[in-house]
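Below is one structure, written out as structure tokens, with a few remarks after it.
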Amino acid sequence: MRFSRMHLPTLKEVPAEAEVISHRLMLRAGMIRRLAAGIYSYLPLGLLALRNVEEIIRQEMNRAGAQEVLLPAVQPAELWQESGRWDFYGKELLRIKDRHQRDYCFGPTHEEVITDLIRHEVRSYRQLPLNLYQIQTKFRDEIRPRFGLMRGREFIMKDAYSFDVDDAAAGLSYQSMREAYSRIFSRCGLNFRAVEADSGAIGGNFSHEFVVLAESGEDAIASCTDCDYAANIEKAESRFVDSATPSPEPTAAAPVEVATPDCESIKEVADFFGVAPEATIKSMIFESDLGFCMVVVPGDCEVNEIKVTAALGAEWLEIPPPARIADELGLPVGYLGPLNLSIPLLVDRQVPQMGEIICGANRAGFHLQGVLWGRDFKSQQMADLVLVRAGDLCPRCGSLLQIDRGIEVGHIFKLGTKYSEKLKATFLDQEGQEKNLVMGCYGIGVGRTVAAAIEQNYDDNGICFPYAIAPFKVALLNLDLKSEEVTAYCETLYKELQSRGISVIYDDRNERPGVKFKDADLIGVPLRLTLGRKGYKRGILEVKSRNSSVNEELPLDDRAPLWRLLDELAANDSRIPSQ
RNA sequence: CGGGAUGUGGCUCAGCCCGGUAGAGCACUGCGUUCGGGACGCAGGGGUCGGAGGUUCAAAUCCUCUCAUCCCGACCA
């Protein structure tokens with residue numbers, strides 16, 4: 001591509017809307033433009049990167065035996081009513097009406113559609129296993145779209161759905177997708193982790209997330225510094241050490257009520273009593289479909305709502321506003337405690353071994369000192385309810401856990417028969433028995449993967465694309481358009497690169513050299529070839545890689561070293577993990 | 001949906017408190033000079049000041065409403 005003819009509107013200044021680095025750079029590099037909140041157009045450069053990721057995905061999905069389809073973006077309400085998700089999915093589901101006032105939605109995901117398709121097609125175990133995928137635009141009406149392509153409302157996703165005869169076979173499909181995903185993200189040049197995850201709204205009983213490590217990531221993951229345990233922070237567990245130390249003699253026979261004006265946070269309470277947060281407990285009211293309950297954890301811990309939801313067996317969980325807690329329960333937020341409670345109490349497993357603790361008195365402005373588990377309060381329900389922290393012990397091997405931030409680019413789920421039951425997708429097995437198909441689903445955020453790659457590969461001058469997804473592998477800079485020799489050489493080299501199938505951008509613009517260098521850096525071209533009048537006189541072509549690992553001068557009359565270099569780059573920069 | 005903020009040429013923003021001629025830089029057009037890390041000079045084009053209503057002799061500026069966007073919390077590829 002000739003730069004002079006390409007629609008590549010690079011920006012010197014950063015639009016104010018951009019917060020994170022990938023968003024800023026994608027705007028500046030002329031890859032995307034915003035149309036509305038969370039809705040973006042792909043410009044030529046952005047689309048090239050996107051297509052590169054898509055191509056890698058297609059290759060690996062096909063290699064794993066999946067077949068590409070394209071399902072409708074607009075889906076009838078009936079299907080969603082049949083699966084029960086029409087009422088359940090919430091406001092994220094963009095609902096639309098056609099001219100006959102019939103209800104439709106713009107697909108946020110395609111379990112219903114694919115299951116409907118398959119139930120009409122698949123009759124026999126002989127047709128299984130089956131794995132179908134598509135790369136398609138989805139719409140989720142996110143409460144708060146942000147960060148450019150990282151959290152758009154309209155976004156491009158690869159989603160795959162597997163159908164198997166039983167759990168064991170579904171496990172094989174899952175495993176094969178897990179491997180395919182590892183290959184995909186490796187080939188994209190990303191530093192990622194596959195972590196155990198909560199299966200969330202999609203449903204199902206087992207899932208892994210693929211998380212690209214990045215400071216700006218919205219996800220936190222816990223991983224073991226020793227073994228290969230890694231899990232989303234929401235799911236992560238830590239090893240519980242039951243230190244059966246006998247509690248020291250109680251200092252008093254009963255808790256003492258102490259006036260603690262304006263002490264509503266753990267920190268304020270701990271400071272007031274002159275103790276560490278670990279000597280207090282945090283009491284929080286939650287509301288779920290099962291009613292109100294109180295959750296109690298050590299003062300220095302954070303409640304993990306996912307674990308609370310699971311421990312309760314609830315469908316949903318939220319923290320009611322303080323006014324509601326006051327009105328409904330007559331309890332003062334900031335001074336809550338587990339004593340003399342009229343609602344169910346859920347206690348973290350660490351609490352019983354805390355000894356004497358400080359907690360709220362359920363009376364505004366007062367806390368209780370010298371509270372003892374067992375004597376002063378008790379609970380039938382005890383569980384692991386807290387978020388893991390760096391330094392906690394790995395549940396598998398007991399080594400230390402570390403916490404990293406990352407961007408979720410892929411998510412795979414074992415769905416089981418959740419959708420096949422609802423939508424009556426069955427087949428006849430070898431014995432002629434009718435059975436529900438066992439499903440799995442597998443998603444990759446394609447645009448988000450491009451953003452994540454940038455988030456992980458940039459410097460002060462712009463994007464440093466991994467070779468595999470770089471829109472252009474080579475930038476050829478002609479610094480002296482007026483020189484006939486230089487231009488003739490560049491034109492020849494340009495055509496030669498093209499004929500070798502190397503995607504190249506030839507900067508033939510009538511611009512000053514500085515502009516060309518800046519643009520080549522900004523758009524992240526891995527290899528830069530530069531020729532100006534001086535170089536031509538010396539008979540050399542300047543070759544520099546974006547990450548500066550290569551910086552040399554090659555003779556103009558021998559291109560063999562250049563081809564060798566390009567082959568190396570291509571080979572090194574899209575590694576596939578050795579299995 | 002809560003909490004905070006912002007809407008002024010394509011982009012970044014000043015002007016608003018204290019009402020009176022709409023500004024700068026970047027980008028764009030023309031000419032000239034320049035030419036290895038986002039050049040310079042001169043001359044230009046381009047703005048219903050988000051929208052509606054109000055106050056006023058007079059509103060970008062003050063008031064009311066509305067829309068949009070961004071940032072902080074719950075959802076998710």
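Throughout, a chain's letter reflects where its sequence line sits, starting with A, and its residues are numbered from 1. The analysis underlying the following values was restricted to heavy atoms, covering all of them including side chains, and did not include hydrogens, waters or symmetry mates.
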Parallel, tilted or perpendicular for A:Y489 and A:Y536, by the 30°/60° rule? perpendicular
B:C65: pairing nucleotide in any strand, Watson-Crick or G-U under 3.5 angstrom: B:G51
Report the base-pairing partner of B:G44 (Watson-Crick or G-U wobble, both distances below 3.5 angstrom), or none. B:C28
From CD of A:E142 over to P of B:C72, roughly how many Å is that when rounded to an integer? 14 Å
Of the listed nucleotides (B:U69, B:G36, B:A39), which one gets closest to any side-chain atom of A:V515? B:A39
Syn or anti: how is B:U6 classified when any glycosidic angle within 90° of 0 counts as syn? anti
Given atom CG of A:N304 and atom P of B:A74, what is their separation to the nearest angstrom? 12 Å
d(CG, A:N478; P, B:C35) in whole Å: 17 Å
Give a yes or no on whether a salt bridge exists between A:E179 and A:R183, defined as a side-chain N under 4.0 angstrom from a carboxylate O. no
Now, which nucleotide makes the Watson-Crick or G-U wobble pair with B:A22, with each of the two distances under 3.5 Å? none
Exactly one of A:L476, A:L8, A:L48, A:D519 clears side-chain contact (heavy atoms from CB on, under 4.5 Å) with A:I505, and that residue is A:L8
Can you tell me the distance, in whole Å, between the NZ atom of A:K235 and the C1' atom of B:C76? 17 Å
Please report the distance, rounded to the nearest Å, between CG in A:L522 and C1' in B:G37. 13 Å
B:G36, B:C26, B:C35: which one has an atom nearest the side-chain heavy atoms of A:K12? B:C26
Using a strict 4.0 Å threshold on nitrogen-to-oxygen distance, state whether A:E553 and A:R538 make a salt bridge. yes
Ranking A:E19 and A:K518 by the position along RNA chain B of their nearest nucleotide, the one closer to 5' is A:K518
How many Å lie between CD1 on A:I184 and C1' on B:A77, as a whole number? 13 Å
Would you say A:R146 places a side-chain N or O within less than 4.0 Å of OP1 or OP2 belonging to B:C72? yes
Between CD1 of A:I39 and C1' of B:A68 the distance, given in whole Å, is 13 Å
Side chain of A:F413 - closest among B:G38, B:G37, B:A77: B:A77
Where the side chain of A:K482 is concerned, which of B:C35, B:G36, B:A77 is the nearest nucleotide? B:C35
Distance check: side-chain N/O of A:R512 vs OP1/OP2 of B:A39, anything under 4.0 Å? yes
Scanning all shown strands, the Watson-Crick or wobble mate of B:C1 with both distances under 3.5 Å is B:G73
Taking only the side-chain nitrogens and oxygens of A:K138, find out if one of them lies under 4.0 Å from OP1 or OP2 of B:A77. no
Please confirm whether the backbone N or O of A:A222 pairs with a side-chain atom of A:R193, one donor and one acceptor, at under 3.5 Å? no
Do any N or O atoms from the side chain of A:Y181 and from the backbone of A:S176 form a donor-acceptor pair under 3.5 angstrom? no
Tell me whether the guanidinium CZ or amine NZ of A:R509 lies under 6.0 angstrom from the six-membered ring centre of A:F3 and within 45° of its axis. yes
What integer distance in Å separates A:K534:NZ from B:G36:P? 5 Å
For the aromatic rings, using the six-membered ring if either is Trp, is the centroid distance between A:Y442 and A:Y133 under 6.0 Å? no
With the sugar-phosphate defined as primed atoms, P, OP1 and OP2, and the base as all remaining atoms, what B/S/- string results for nucleotides 2-10 of chain B, 5' to 3', for protein heavy atoms under 4.0 Å? ---------
Which nucleotide in B:C35, B:A77, B:G38 has an atom nearest any side-chain atom of A:R140: B:A77
Pairing partner of B:C16 (Watson-Crick or G-U wobble, both distances under 3.5 Å): none
Shortest side-chain distance from A:A37, nucleotide among B:C75, B:U69, B:A77: B:U69
